[in-house]
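Notes for the one structure printed next.
Note that this is a predicted model, so its numbers are computed, not measured.
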Amino acid sequence: MVEPTDDGPVTSRIPFFDRPTLGKTVLVIVGYLAYYLLVGRAIDAVFGDEIDKDDVLATGAGVFFAFVLPIAIGAVTLLGFAAAIGRLRSIFARRTPAGRPWMWIGPALALTAVVGHVAATDWNSWRPEQLLLIALLGICVGLAEELATRGLAVDLLRGAGHCERFVMVVSSLLFALMHVSNLLSGMKPGTVLLTVVYTFGFGVCMYLVMRLTGTIWSAIALHAVTDPTTMFASGGVDEAVAHHAGGWSVLASTATVLMVVFAFVAVFLVREDRRGTADPAALSGGGGAACRR
């Protein structure tokens with residue numbers, strides 16, 4: 001089946017997705033999340049003895065089987081799915097950068113947090129294999145999660161005719177709600193709630209950097225360095241960098257909080273027409289076409 005888009009015709013081998021809707025977009029994200037969780041459980045059933053449940057990061061095998069392999073399989077599956085529904089070319093297409101200078105504040109704050117994390121890390125406490133595998137994990141997470149949300153979700157929502165503010169908010173919300181699944185791993189509800197708020201803000205900033213640069217690769221790259229540097233600085237998977245003393249940790253935490261605040265403000269500033277056609281006056285926050293649904 002063929003659906004015309006701004007990037008040319010979409011040839012799909014799964015007719016169900018020829019006419020994108022909000023519901024189908026949600027279905028894709030829920031389906032991917034369920035698939036990822038099942039893959040993780042299957043790997044744990046086979047290679048569980050290789051994973052130190054008390055300290056998953058203690059061994060290279062633990063990092064690989066608990067984190068790297070499941071998300072890598074998820075990323076490859078998403079690439080195959082995107083190709084099957086004819087969206088792969090559109091997702092990775094180079095677009096004309098659109099936006100206003102103020103939009104760079106969010107990505108700049110995200111990058112500042114990364115710098116703070118790198119400087120705050122006690123590199124002597126990490127073994128070479130841990131560093132390499134966690135860095136690989138970051139690449140896989142960046143590819144998989146951006147492909148799912150800033151890739152498939154954004155492309156499907158645009159295909160459904162929604163305006164860009166709607167696309168930004170819904171794709172970021174789906175990205176945030178994916179992390180509710182952390183409850184299944186034993187994370188405290190309060191921590192999950194904070195994670196959801198943070199990931200929504202981070203998702204908005206990843207959307208903005210994609211719009212500003214005209215490519216999803218910029219979001220993938222920034223995401224790929226954010227997760228591992230946070231783990232390196234905090235010393236664990238669910239540890240807060242704010243609990244660590246030092247000026248660089250304070251810088252990273254402050255930048256993170258400001259990034260989330262900026263993202264929520266940006267939701268009310270961005271005004272764009274349907275299908276990614278930006279209205280310059282609206283993008284500047286000075287009026288223009290309202291965001292239509």
Side-chain angles (χ1 to χ4, degrees), residues 14 26-85 87-88 91 125-153 174-189 191-192 195-196 198-199 202-203 206 216 219-221 223-240:
I14 306 178
V26 173
L27 180 62
V28 167
I29 299 302
V30 172
Y32 163 70
L33 182 59
Y35 172 79
Y36 168 73
L37 293 173
L38 287 173
V39 168
R41 289 188 178 257
I43 292 174
D44 184 66
V46 177
F47 300 103
D49 292 341
E50 301 290 336
I51 304 171
D52 184 345
K53 298 300 192 295
D54 295 323
D55 185 4
V56 181
L57 301 181
T59 65
V63 176
F64 180 77
F65 289 117
F67 298 123
V68 177
L69 186 56
I71 199 71
I73 292 174
V76 171
T77 302
L78 283 170
L79 287 168
F81 176 76
I85 65 172
R87 298 277 167 182
L88 194 61
I91 289 170
S125 65
W126 294 97
R127 297 190 303 277
E129 68 270 20
Q130 291 174 307
L131 294 173
L132 289 173
L133 284 168
I134 292 175
L136 177 60
L137 172 63
I139 294 172
C140 293
V141 169
L143 178 60
E145 294 190 351
E146 292 306 313
L147 181 57
T149 52
R150 258 65 65 185
L152 283 164
L174 289 172
F175 172 62
L177 292 177
M178 285 172 61
H179 294 80
V180 173
S181 63
N182 289 338
L183 287 169
L184 299 177
S185 63
M187 185 181 287
K188 296 179 180 178
T191 304
V192 171
T195 301
V196 168
Y198 162 74
T199 48
F202 184 76
M206 294 305 96
I216 193 176
I220 291 173
H223 196 154
V225 297
T226 296
D227 285 20
T229 53
T230 302
M231 293 173 66
F232 291 146
S234 64
V237 178
D238 299 324
E239 302 295 326

Result block: side-chain N/O donor-acceptor pairs under 3.5 angstrom for residues 131-141, not counting sequence neighbours:
none

Just to verify, what does Arg127 make a side chain to side chain donor-acceptor pair (under 3.5 Å) with, not counting sequence neighbours? Glu129
Hey, would you say the Phe175 and His223 ring centroids sit under 6.0 Å apart? yes
Using every non-hydrogen atom in the two residues, find where [X] and [Y] come nearest and quote the distance to one decimal.
X: Ile91; Y: Ala82; answer: CD1-CB, 4.1 Å
X: Ile29; Y: Ala148; answer: CD1-O, 3.3 Å
X: Ala176; Y: Thr199; answer: CA-OG1, 3.2 Å
X: Thr59; Y: Glu50; answer: OG1-O, 3.9 Å

Please tell me if the side chains of [X] and [Y] come closer than 4.5 Å, counting only heavy atoms from C-beta onward.
X: Ile73; Y: Ile43; value: yes
X: His179; Y: Glu145; value: yes
X: Thr149; Y: Met178; value: yes

Atom pair [atom1]/[atom2] of [X] and [Y] - distance to nearest 0.5 Å:
X: Lys188; Y: Leu183; atom1: NZ; atom2: CG; result: 13.0 Å
X: Leu57; Y: Ile51; atom1: CG; atom2: CD1; result: 11.5 Å
X: Leu143; Y: Ile71; atom1: CG; atom2: CD1; result: 9.0 Å
X: Lys53; Y: Asp44; atom1: NZ; atom2: CG; result: 4.5 Å
X: Ser181; Y: Leu37; atom1: OG; atom2: CG; result: 5.0 Å
X: Asp227; Y: Phe202; atom1: CG; atom2: CZ; result: 6.5 Å

Listed by chain and number, what are the ring pair (Phe, Tyr, Trp, His ring centres under 6.0 Å) partners of Phe232, not counting sequence neighbours? Trp123, Trp126
Ring pair (Phe, Tyr, Trp, His ring centres under 6.0 Å) partners of residues 44-65, not counting sequence neighbours, each pair once: Phe47-Phe65
Determine, stepwise, if the pair Phe81 / Leu152 fulfils side chain to side chain contact (heavy atoms under 4.5 Å, CB included). CA-CA 9 Å; Phe81 176 76; Leu152 283 164; 3.9 Å; yes
Mind checking salt bridge (Lys or Arg N to Asp or Glu O under 4.0 Å) for Glu146 and listing every partner two or more places apart, or none if nothing turns up? Arg150
Could you name each residue pair satisfying side chain to side chain donor-acceptor pair (under 3.5 Å) that touches residues 63-81, not counting sequence neighbours? Tyr35-Thr77
